[in-house]
Trainee: 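Before I ask anything, here is the structure I am working with.
This chain uses plain numbering: 1 for the first residue, then up along the sequence.
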Amino acid sequence: MTTVSERDVQLLRDALGPLRDREQIAERLLDSSAKHSFDPDKELDWDAPVEDGKWFWPPELVSLYDTPLWRKMSEEQRMELSRHEAASLASLGIWFEIILMQLLVRHIYDRPVTSNHVRYALTEIADECRHSMMFGRMIKWGGSPDYPVPRVYHNLARVLKTISTTPGSFAATLLGEEILDWMQRLTFPDERVQTLVRGVTRIHVVEEARHVRYAREELRRQMVTAPRWERELTRLSCGEAARVFSVCFINPRVYEHVGLDRHEAAAQVKASGHRAEVMQSGAKRLTDFFDDIGVLNGVGRRLWKRSGLLA
């Protein structure tokens, strides 16, 4: 006999169509995790030396690419900047994944512990633990410093982790995952890039595809079932998260470490049409999705435009 809860699930739909059963989605993701999960400590050759003449990040994705400063830099200096920017992005990734793990734990705290939905969340947390360790090890392997986000945003995240609602948590999760994922999909097949960095991005792309599916499906559900005040708060908090994400994306100290004036470099990045196109292209799949499910309505859209991630 069909229960009320099962019947309600079948009736839920949004602009993208009917919502799928939460347990069935989690079951498929668990099957995929069993077949396509990696141990970076064993999969990657951490004893391999840094390869001469190779980038740490595709040059077109380096923040200063095609700016007046870039055209003045030597090829060696450009490659050195790519090394520091890869470390900056890895540091950002660790910060975001630590936040994500805490938000996932909060999400499942009151849910049935034997459900597939909870089991997959715990599987994802295990993935994110490995990813954070992998990124930290990559930074150390490359010989650059780590680049923590500014203290004000580090502390602002403490507030987010405490007060974030469920839809806000999953919206922020997708923001942190999808733009970096777009860049990594361009990185891992690029033979100009260090072999180990390509291996790191390949592992992350494969495993993050599951995380994105889980977050997208849950955010769709929340945007249909959450009360109006929570949906409005999600639009506001997601727009603010986009602003913080764009500010923290590359730590400006990277420019000093390759002999550039950080203020001049940051100003040229901000004025760069190429950089704006890269960031908006990286965010487009996400912003299209957010637009479809109503996250970019009203004030949320204005905040995203101010972040530079939405044209």
Side-chain angles (χ1 to χ4, degrees), residues 50 52-96 135-136 138-157 175-176 179-180 182-184 186-187 190 192-194 197 201 239-284 287 302-311:
V50 171
D52 292 337
K54 285 201 171 185
W55 299 80
F56 282 76
W57 205 240
E60 297 81 6
L61 300 182
V62 175
S63 63
L64 278 171
Y65 182 82
D66 201 31
T67 61
L69 260 180
W70 179 267
R71 290 189 281 274
K72 293 178 182 178
M73 294 165 66
S74 67
E75 190 78 349
E76 181 181 2
Q77 195 177 22
R78 293 170 178 173
M79 286 187 174
E80 181 69 359
L81 179 59
S82 80
R83 181 169 73 95
H84 286 275
E85 291 205 3
S88 180
L89 288 169
S91 300
L92 179 73
I94 295 169
W95 177 63
F96 231 101
F135 288 159
M138 186 189 81
I139 294 169
K140 190 173 182 179
W141 172 85
S144 60
D146 64 307
Y147 288 96
V149 300
R151 178 58 55 177
V152 62
Y153 297 120
H154 183 84
N155 288 328
L156 185 62
L175 170 64
I179 298 173
L180 285 171
W182 178 83
M183 290 188 169
Q184 290 175 336
L186 296 176
T187 301
D190 192 333
R192 298 173 298 173
V193 176
Q194 298 283 337
V197 174
T201 56
E240 175 61 11
R243 184 191 70 82
V244 171
F245 186 76
S246 63
V247 169
C248 295
F249 200 73
I250 294 293
N251 190 314
R253 288 194 298 118
V254 301
Y255 306 123
E256 294 177 344
H257 283 140
V258 296
L260 301 174
D261 180 274
R262 66 186 292 178
H263 300 292
E264 180 184 1
Q268 291 200 16
V269 170
K270 188 174 182 179
S272 170
H274 174 83
R275 186 60 174 177
E277 183 179 351
V278 164
M279 297 302 290
Q280 290 168 12
S281 296
K284 188 175 189 312
T287 53
R302 292 195 295 273
L303 289 168
W304 270 83
K305 282 184 175 292
R306 288 177 192 169
S307 76
L309 297 174
L310 180 65

Trainee: Do other residues, nucleotides or ligands put more than 12 heavy atoms under 6.0 Å from Glu75 CD?
Mentor: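 Result for CD/Glu75: enclosed.
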Trainee: Leu175 vs Ile179, test: side-chain contact (heavy atoms from CB on, under 4.5 Å). Steps then yes/no.
Mentor: CA-CA 7 Å; Leu175 170 64; Ile179 298 173; 4.0 Å; yes
Trainee: For the pair Phe56 and Trp141, name the ring-plane relationship: parallel under 30°, tilted 30 to 60°, perpendicular over 60°.
Mentor: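 Rings of Phe56 and Trp141: tilted, as their planes differ by 30° to 60°.
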Trainee: For the pair Glu85 (side chain) and Trp57 (backbone), establish whether a donor and an acceptor sit closer than 3.5 Å, ignoring hydrogens and angles.
Mentor: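 No, Glu85 side chain to Trp57 backbone: no donor-acceptor pair under 3.5 Å.
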Trainee: Would you find more than 12 non-hydrogen atoms of other residues, nucleotides or ligands less than 6.0 Å from Glu60 atom CD?
Mentor: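 More than 12 within 6.0 Å, yes.
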Trainee: Please check this pair: side chain of Ser272 against backbone of Gln268, looking for a donor-acceptor N/O pair closer than 3.5 Å.
Mentor: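 It does not hold such a pair.
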Trainee: Heavy atoms only: give me the nearest Pro59-Arg192 pair and the separation to one decimal.
Mentor: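 Taking every non-hydrogen atom into account, CG-NH1, 3.4 Å.
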Trainee: Which atom pair, heavy atoms only, marks the closest approach of Phe245 to Leu92?
Mentor: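 Where Phe245 meets Leu92 most closely, the heavy atoms are CE1-CD2, 3.9 Å.
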Trainee: Around Lys284, counting heavy atoms of other residues, nucleotides and ligands shown, do more than 12 lie under 6.0 Å from its NZ?
Mentor: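 No.
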Trainee: How far apart are the C-alpha atoms of Trp182 and Val278, what are their side-chain angles, what is the distance that settles it, and do they pass the side-chain contact (heavy atoms from CB on, under 4.5 Å) test?
Mentor: CA-CA 10 Å; Trp182 178 83; Val278 164; 4.0 Å; yes
Trainee: Do the charged groups of Arg83 and Glu80 touch, with an N to O distance under 4.0 Å?
Mentor: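 The answer is yes: the pair qualifies as a salt bridge.
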Trainee: Side-chain contact test, heavy atoms from C-beta onward, threshold under 4.5 Å: evaluate it for Tyr255 versus Ser63 and give yes or no.
Mentor: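 Side chain of Tyr255 against side chain of Ser63, heavy atoms only: contact under 4.5 Å found.
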Trainee: Contact between Phe96 and Leu180 at the side-chain level, heavy atoms closer than 4.5 Å - yes or no?
Mentor: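 A side-chain contact is absent here, since even the closest heavy-atom pair is not under 4.5 Å.
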Trainee: Could you report the tightest heavy-atom contact between Ser82 and Val62, atom names first, then the distance?
Mentor: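 In terms of heavy atoms, the two residues are closest at CB-CG2, 3.8 Å.
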Trainee: Supply the atom-to-atom distance Thr187 OG1 to Trp55 CH2, rounded to the nearest 0.5 angstrom.
Mentor: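 Rounded to the nearest 0.5 Å, the OG1-CH2 separation comes to 12.5 Å.
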Trainee: To the nearest 0.5 Å, what is the distance between OG (Ser144) and NE2 (His257)?
Mentor: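 The OG atom of Ser144 sits 9.0 Å away from the NE2 atom of His257.
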Trainee: If you look only at distance, which donor and acceptor atoms sit under 3.5 Å apart when one is on a side chain in residues 304-311 and the other is two or more places apart or in another chain?
Mentor:
{"unit_1": "Lys305", "atom_1": "NZ", "unit_2": "Ala311", "atom_2": "O", "d": "2.6"}
{"unit_1": "Ser307", "atom_1": "OG", "unit_2": "Trp304", "atom_2": "O", "d": "2.6"}
{"unit_1": "Ser307", "atom_1": "OG", "unit_2": "Leu309", "atom_2": "N", "d": "3.2"}

Trainee: Within the side chain of Arg71, is there an N or O that forms a donor-acceptor pair under 3.5 Å with the backbone of Tyr65?
Mentor: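 Judged by distance alone, no pair lies under 3.5 Å.
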Trainee: What's the separation between atom CZ in Arg262 and atom CG in Leu260, rounded to the nearest 0.5 Å?
Mentor: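 Arg262 atom CZ to Leu260 atom CG measures 12.0 Å (nearest 0.5 Å).
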Trainee: For His84 and Tyr147, take the angle between the two ring planes, folded into 0 to 90°, and tell me which bin it lands in: parallel under 30, tilted 30 to 60, perpendicular over 60.
Mentor: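 The arrangement is perpendicular - the two ring planes meet at more than 60°.
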Trainee: For Leu61 versus Arg275, what's the shortest heavy-atom pair and its separation?
Mentor: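 Heavy-atom minimum between the residues: O-NH1, 2.9 Å.
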Trainee: Using modelled atom types only, decide if a donor and an acceptor are shared between the side chain of Asn251 and the backbone of Pro148 within a distance under 3.5 Å.
Mentor: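 Yes; judged by distance alone, with no hydrogens or angles, the pair exists.
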Trainee: Please report the interatomic distance CD1(Ile250) to CG(Leu81), rounded to the nearest 0.5 Å.
Mentor: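 It is 8.0 Å, given to the nearest 0.5 Å.
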Trainee: Taking Arg78 for its side chain and Trp70 for its backbone only, find out whether a donor-acceptor pair lies under 3.5 Å.
Mentor: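 Judged by distance alone, yes, a pair lies under 3.5 Å.
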Trainee: For Glu256 and Arg253, what are the C-alpha separation, side-chain angles and deciding distance, and is it a salt bridge (charged side-chain N to carboxylate O under 4.0 Å, His left out)?
Mentor: CA-CA 5 Å; Glu256 294 177 344; Arg253 288 194 298 118; over 6 Å; no
Trainee: Give the minimum heavy-atom separation between Ile94 and Gly136, together with the two atoms involved.
Mentor: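 What the structure gives for the nearest pair is CD1-N, 3.5 Å.
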Trainee: Flag the pair Val197 / Lys54 as yes when at least one side-chain heavy-atom distance between them is below 4.5 Å, and no otherwise.
Mentor: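 No. Closest side-chain heavy atoms not under 4.5 Å.
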Trainee: Got a second to check how far Cys248's SG is from His154's NE2, nearest 0.5 Å?
Mentor: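 Rounded to the nearest 0.5 Å, the SG-NE2 separation comes to 11.5 Å.
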Trainee: Roughly how far, to the nearest 0.5 Å, is the CE atom of Met79 from the OG atom of Ser74?
Mentor: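 Answer rounded to 0.5 Å: 10.0 Å.
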